*Asks:* 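There's a structure below that I have some questions on.
Both backbone and side-chain heavy atoms feed into the values below; hydrogens, waters and symmetry mates do not. Since this is a predicted model, take the numbers as computed values, not measurements.
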Amino acid sequence: MSIPEQFIQELKSRTDIADVISGYVQLKKSGRTMMGLCPFHNEKTPSFSVSRENGFFYCFGCGAGGDAITFIRRIENLDYVEAIRLLAARAGMTVPEQGSDDGTGRLRNRIYEANREAARFYHKQLYAPGGRRALEYLRGRGLTEKTIIHFGLGYSPADRFELVNYLSSKGFTQAELIQANLANQSRRGGAFDRFSDRVMFPIIDLRGNVIAFGGRIMSDIKPKYLNTSDTLVFNKSRNLFAMQFAKNKAQGRLILVEGYMDVIALHQAGFENAVATLGTALTQEQAMMIKRYCDEVIICYDADEAGQKATARAIQILRPTGLRIKIVTVPSGKDPDEFIKSYGEQGSARFRLLLDKSGNDIEYRIKKLRSQFNTDITEQRVEFLTRAATLIAAIENPVERDVYMSKLSTELDVEKDALRQLVSRNLHKNAGEFRRQQQRSAEKQMGAAGDQMNPEKRMNLRAAGAEEALLSLMILNPDCAKDVAGNVGPELFVTSFNRRVFEILRTRVNDNQEITMSDISGQFSPEEMSSIARMLTSHPRESDPASAAREYVQVLTEESEKLTPEQIANADNDTIMEKLRKMKEKKR
């Protein structure tokens, strides 16, 4: 959809990038910028910077960057128009419905609409004769009608064409249904239902849109659970089941369980702050989403080997976020649903007691580690303490570290100073490795090797450096931009990406339009905006922009006249000699 320029300017004037980002990240002033922990990757030391003055953010750790619109696109998994709508609503504005929607935006909206209609269809089928077995299954699991309706549960018929036929009658094309992953494409090019003879669990995003489905089979066919694959509106690594309900009930704490039924059973039992991953192990994106809505997460996975491995992986993902982590191990290897039912009317109270008595992740890991050793044997006691010291060294709070050292030294009758030495050795090792990782990451992001948007940079370092400096100068020094746009042509740019950025800036300048990051955001992907933000970070505002611009243009002129290796290979001797003669004349 084409959004009027005037509207973008008004939205920009009402949007403070630091205020927007502060809703997701705790920022602290650091000189002329603000710093915080990056919401797009796990880190312990802040490398995420926000320039309120220039209206952009940049992370030196992972390279994410851009304006306020780009930030919302990334963190909310939205397209450009949806991000504009969210920021507009925040500013008390309404996006004018003008112009024609682009193909991607229209398809995205059609997928939302198709999913909504599919959810209604599946729910209706649950109460049809063909859905009787699925309804009995849900009622047999103890779900009430209120819960079934609340979660919009449904049934996909065994006939592989019922949903396709129904949605086709509603005006949806087979191509749209395939793009929504509601249907698969047959060998003959037609479409048939992706889900068949399954209890259906709609997956809903934070704004209330149905974005995907999970389905449990009603027969012995594998897999037992089938989920929607990634689409334009759904990414399984960035969403959590029931988060749209849990975020309003979190009160500082979320419960992380393994499956749909565990979540639904816990919500019905009064634990409406339960969520689950979507058929995959916990991801960094999901961990950062959890961090946005709580300070403490309780992991309540199954007690079997697979569940324990998943718990260990989740701890590794969650700990760097700074969340308090607790672990609940349900007795007798039961899952939360089974445990609550086994105690009847007392089930909820019993489960709440489990939550209140749950230990933190360090206690859980030390206990699990200790179970692997016979600490009555000297050699095994030493090995256990050596490995436990590694776990304790990962604790950031020195008081908390001291508590665990005291506890272990007392329990195993060892000198606390000896244990402290082991922990200190690991602390120094961890700190050194962390600094090296940070440095490597920063160098990669700022160097040519880390520039995925401009692969030509590596072979044209001098030219690309001057191009980036000139582009930054135009964006950060608008008074100088018109002069540059009037005297520099795109043919001077050696690298394709930088040339494209320049052409967009020059067109806007010549049309008397502004060229801040928010002004150009709609013409670049979030990844491309990150690359532009890196340029601005590498080349801050010039004290004498006119003089600097002349220097950069001189470099570009020199570099553009050089023959590339390919040109040298294809040029005749006279052409090469003429090129060299002109270069010598310019140097005199």
*Asks:* What verdict does the side-chain contact (heavy atoms from CB on, under 4.5 Å) test give for Ile203 and Phe241, after you've listed the backbone C-alpha separation in whole Å, the side-chain angles of each residue and the deciding distance to 0.1 Å?
*Replies:* CA-CA 6 Å; Ile203 298 166; Phe241 182 68; 4.3 Å; yes

*Asks:* If you measure from CE on Met529 to CD1 on Ile69, what distance do you get to the nearest 0.5 Å?
*Replies:* 7.5 Å

*Asks:* Any side-chain heavy atom of Phe57 within less than 4.5 Å of one from Asp67?
*Replies:*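 No - every pair of side-chain heavy atoms lies 4.5 Å or more apart.
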
*Asks:* Rounded to the nearest 0.5 Å, what's the gap from CD1 on Ile515 to NZ on Lys482? Could you check?
*Replies:*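 Ile515 CD1 to Lys482 NZ: 10.5 Å, rounded to 0.5 Å.
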
*Asks:* Is the closest side-chain heavy-atom distance between Phe48 and Leu37 below 4.5 Å?
*Replies:* no

*Asks:* Rounded to the nearest 0.5 Å, how far apart are NZ of Lys12 and OG1 of Thr516?
*Replies:* 3.5 Å

*Asks:* Just how far is it from atom CE of Met93 to atom CZ of Arg14, taken to the nearest 0.5 Å?
*Replies:*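 If I round to the nearest 0.5 Å, the distance is 5.0 Å.
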
*Asks:* Set out, in order, the CA-CA distance, both residues' side-chain angles and the distance that settles side-chain contact (heavy atoms from CB on, under 4.5 Å) for Leu163 and Phe121, then state yes or no.
*Replies:* CA-CA 8 Å; Leu163 178 67; Phe121 172 82; 3.5 Å; yes

*Asks:* Check this for me, if you would: do Arg106 and Glu176 make a salt bridge, where the nitrogen-to-carboxylate-oxygen distance has to be below 4.0 angstrom?
*Replies:*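 Answer for the salt bridge query: yes.
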
*Asks:* Can you confirm whether Gln513 sits close enough to Glu5 that some side-chain heavy atom of one is under 4.5 Å from a side-chain heavy atom of the other?
*Replies:*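 Of all side-chain heavy-atom pairs linking Glu5 with Gln513, at least one is under 4.5 Å.
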
*Asks:* Surrounding CD of Gln6 (heavy atoms of other residues, nucleotides or ligands, distance under 6.0 Å), is the total greater than 12?
*Replies:*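 No, the 6.0 Å shell around CD holds no more than 12 heavy atoms from other groups.
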
*Asks:* Determine, stepwise, if the pair Ser531 / Glu527 fulfils side chain to side chain donor-acceptor pair (under 3.5 Å).
*Replies:* CA-CA 7 Å; Ser531 189; Glu527 292 74 23; over 6 Å; no

*Asks:* Under a 3.5 Å distance rule, please check whether Lys29 uses its side chain to pair with a backbone N or O of Gly31 as donor and acceptor.
*Replies:*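 Yes, because the side chain of Lys29 sits within donor-acceptor range (under 3.5 Å) of the backbone of Gly31.
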
*Asks:* Hey, does Glu559 have a side-chain heavy atom less than 4.5 Å from the side chain of Asn460?
*Replies:*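 No, side chains not in contact.
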
*Asks:* Regarding Asn54 and Arg541, do their side chains bring together a donor and an acceptor under 3.5 Å, going by distance alone?
*Replies:*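 Looking only at side-chain atoms, Arg541 and Asn54 do form a donor-acceptor pair, the distance falling under 3.5 Å.
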
*Asks:* For the residue pair Gly66 and Ile17, what are the closest heavy atoms and their distance?
*Replies:*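 Reported closest heavy-atom pair: O-CD1, 4.2 Å.
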
*Asks:* Going by heavy atoms in the side chains, are Ile532 and Met517 under 4.5 Å from each other?
*Replies:* yes

*Asks:* Give a yes or no answer on whether the side chain of Ser530 reaches the backbone of Pro526 with a donor-acceptor pair at less than 3.5 Å.
*Replies:* yes

*Asks:* Got Asn248 and Tyr293 here, is their nearest side-chain heavy-atom distance under 4.5 Å?
*Replies:* no

*Asks:* Under a 4.0 Å threshold between the charged nitrogen and the carboxylate oxygen, would Glu503 count as salt-bridged to Arg500?
*Replies:*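 Looking at Glu503 together with Arg500, the answer is no, because their closest N to O distance does not fall below 4.0 Å.
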
*Asks:* At what distance, to the nearest 0.5 angstrom, does CD1 of Ile315 lie from CD1 of Ile325?
*Replies:*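 Answer for the CD1-CD1 pair, Ile315 versus Ile325, is 6.5 Å.
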
*Asks:* Is Thr321 reaching over with its side chain to a backbone N or O of Leu323, donor-acceptor style, under 3.5 angstrom?
*Replies:*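 Yes: the side chain of Thr321 pairs with the backbone of Leu323.
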
*Asks:* Do Phe201 and Phe213 make the cut of ring centroids closer than 6.0 angstrom?
*Replies:*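 Ring centroids of Phe201 and Phe213 are no less than 6.0 Å from each other.
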
*Asks:* Do you know which two heavy atoms are closest between Gly36 and Val25, and how far apart they sit?
*Replies:* CA-CG1, 4.1 Å

*Asks:* Using ring centroids (six-membered ring only for Trp), state whether Phe40 and Phe71 fall under 6.0 Å.
*Replies:* yes

*Asks:* Could you tell me whether the side chain of Arg194 and the main chain of Leu182 form a donor-acceptor pair under 3.5 Å?
*Replies:* no

*Asks:* Answer yes when Glu76 and Arg292 have at least one side-chain N-carboxylate O distance shorter than 4.0 Å, and no when they do not.
*Replies:* yes

*Asks:* Verify the distance criterion only: is there a donor paired with an acceptor across the side chains of Asn77 and Glu285 at less than 3.5 Å?
*Replies:* no

*Asks:* Within a strict 4.5 Å, meaning less than it, do heavy atoms of the Ile178 and Phe192 side chains meet?
*Replies:* no

*Asks:* Charged N to carboxylate O below 4.0 Å: is that the case for Lys457 and Glu467?
*Replies:*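 Here Lys457 does not pair with Glu467 in a salt bridge, since their nearest N and O are not under 4.0 Å apart.
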
*Asks:* Look only at the side chain of Asn235 and the backbone of Ser237, and say whether a donor-acceptor pair between them is shorter than 3.5 Å.
*Replies:* yes

*Asks:* Quick one, Glu113 with Arg108, criterion salt bridge (Lys or Arg N to Asp or Glu O under 4.0 Å). Give me CA distance, side-chain angles, the key distance, then yes/no.
*Replies:* CA-CA 9 Å; Glu113 293 167 5; Arg108 185 186 293 264; over 6 Å; no

*Asks:* Compute the ring centroids of Phe56 and Tyr58, then answer whether they are less than 6.0 Å apart.
*Replies:*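 No, too far apart.
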
*Asks:* If you count the non-hydrogen atoms of other residues, nucleotides and ligands that lie under 6.0 Å from CD in Gln26, is the total more than 12?
*Replies:* no

*Asks:* Is the number of heavy atoms from other residues, nucleotides or ligands within 6.0 Å of CZ (Arg462) greater than 12?
*Replies:*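 Atom CZ in Arg462 is packed in, count exceeds 12.
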
*Asks:* Is a donor on one side and an acceptor on the other found under 3.5 Å between the side chain of Glu456 and the backbone of Ser496?
*Replies:*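 Yes, Glu456 side chain to Ser496 backbone: donor-acceptor pair under 3.5 Å.
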
*Asks:* Hydrogens and angles aside, do Asn498 and Thr495 bring a side-chain donor and acceptor to less than 3.5 Å of each other?
*Replies:*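 Indeed, the side chains of Asn498 and Thr495 share at least one donor-acceptor pair under 3.5 Å.
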
*Asks:* Give a yes or no on whether Lys170 atom NZ has more than 12 heavy-atom contacts from other residues, nucleotides or ligands under 6.0 Å away.
*Replies:*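 Not buried by this count: 12 neighbours or fewer within 6.0 Å.
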
*Asks:* Quick one: do Glu53 and Arg32 satisfy salt bridge (Lys or Arg N to Asp or Glu O under 4.0 Å)? Show the steps, please.
*Replies:* CA-CA 8 Å; Glu53 177 185 3; Arg32 300 182 68 175; 2.8 Å; yes

*Asks:* Does the Lys NZ or Arg CZ of Arg73 fall within the cation-pi geometry relative to Tyr80 - under 6.0 Å from the ring centre and within 45° of the axis?
*Replies:* no

*Asks:* Examine distances only and state if a side-chain atom of Ser186 and a backbone atom of Gly190 form a donor-acceptor pair shorter than 3.5 Å.
*Replies:*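 Yes; at least one donor-acceptor contact below 3.5 Å.
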
*Asks:* When you measure from the side chain of Thr283 to the backbone of Gln286, do you find a donor-acceptor pair of N or O atoms at a distance under 3.5 Å?
*Replies:*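 Yes, the answer is positive, given that a donor and an acceptor are paired below the 3.5 Å cut-off.
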
*Asks:* With a 4.5 Å limit on heavy-atom distance, are the side chains of Ser538 and Ser472 in contact?
*Replies:* no

*Asks:* Check the pair Asn209 / Val233 against side-chain contact (heavy atoms from CB on, under 4.5 Å), numbers first and verdict last.
*Replies:* CA-CA 9 Å; Asn209 298 309; Val233 304; over 6 Å; no

*Asks:* As an exercise, state the distance from CG of Leu471 to CD1 of Ile504, rounded to the nearest 0.5 Å.
*Replies:* 10.5 Å

*Asks:* Report the C-alpha distance between Val501 and Phe493 in whole Å, list the side-chain angles of each, state the deciding distance to 0.1 Å, and finish with yes or no for side-chain contact (heavy atoms from CB on, under 4.5 Å).
*Replies:* CA-CA 10 Å; Val501 176; Phe493 282 72; over 6 Å; no

*Asks:* Between the side chain of Arg534 and the main-chain N/O of Ala64, is any donor-acceptor distance below 3.5 Å?
*Replies:*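 Side chain of Arg534 to backbone of Ala64: no pair is present.
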
*Asks:* Give the intermediate values and the outcome of salt bridge (Lys or Arg N to Asp or Glu O under 4.0 Å) for residues Glu491 and Arg499.
*Replies:* CA-CA 8 Å; Glu491 68 277 357; Arg499 186 186 308 118; over 6 Å; no

*Asks:* Could you pull out the closest heavy-atom pair between Cys38 and Cys62, with the gap in Å?
*Replies:* SG-SG, 3.8 Å

*Asks:* When you measure from the side chain of Asp193 to the backbone N and O of Val164, does any donor-acceptor pair fall under 3.5 Å?
*Replies:*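 Yes, the answer is positive, given that a donor and an acceptor are paired below the 3.5 Å cut-off.
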
*Asks:* List the steps, then state whether side chain to side chain donor-acceptor pair (under 3.5 Å) holds for Glu468 with Asn454.
*Replies:* CA-CA 11 Å; Glu468 292 181 0; Asn454 192 1; 4.8 Å; no

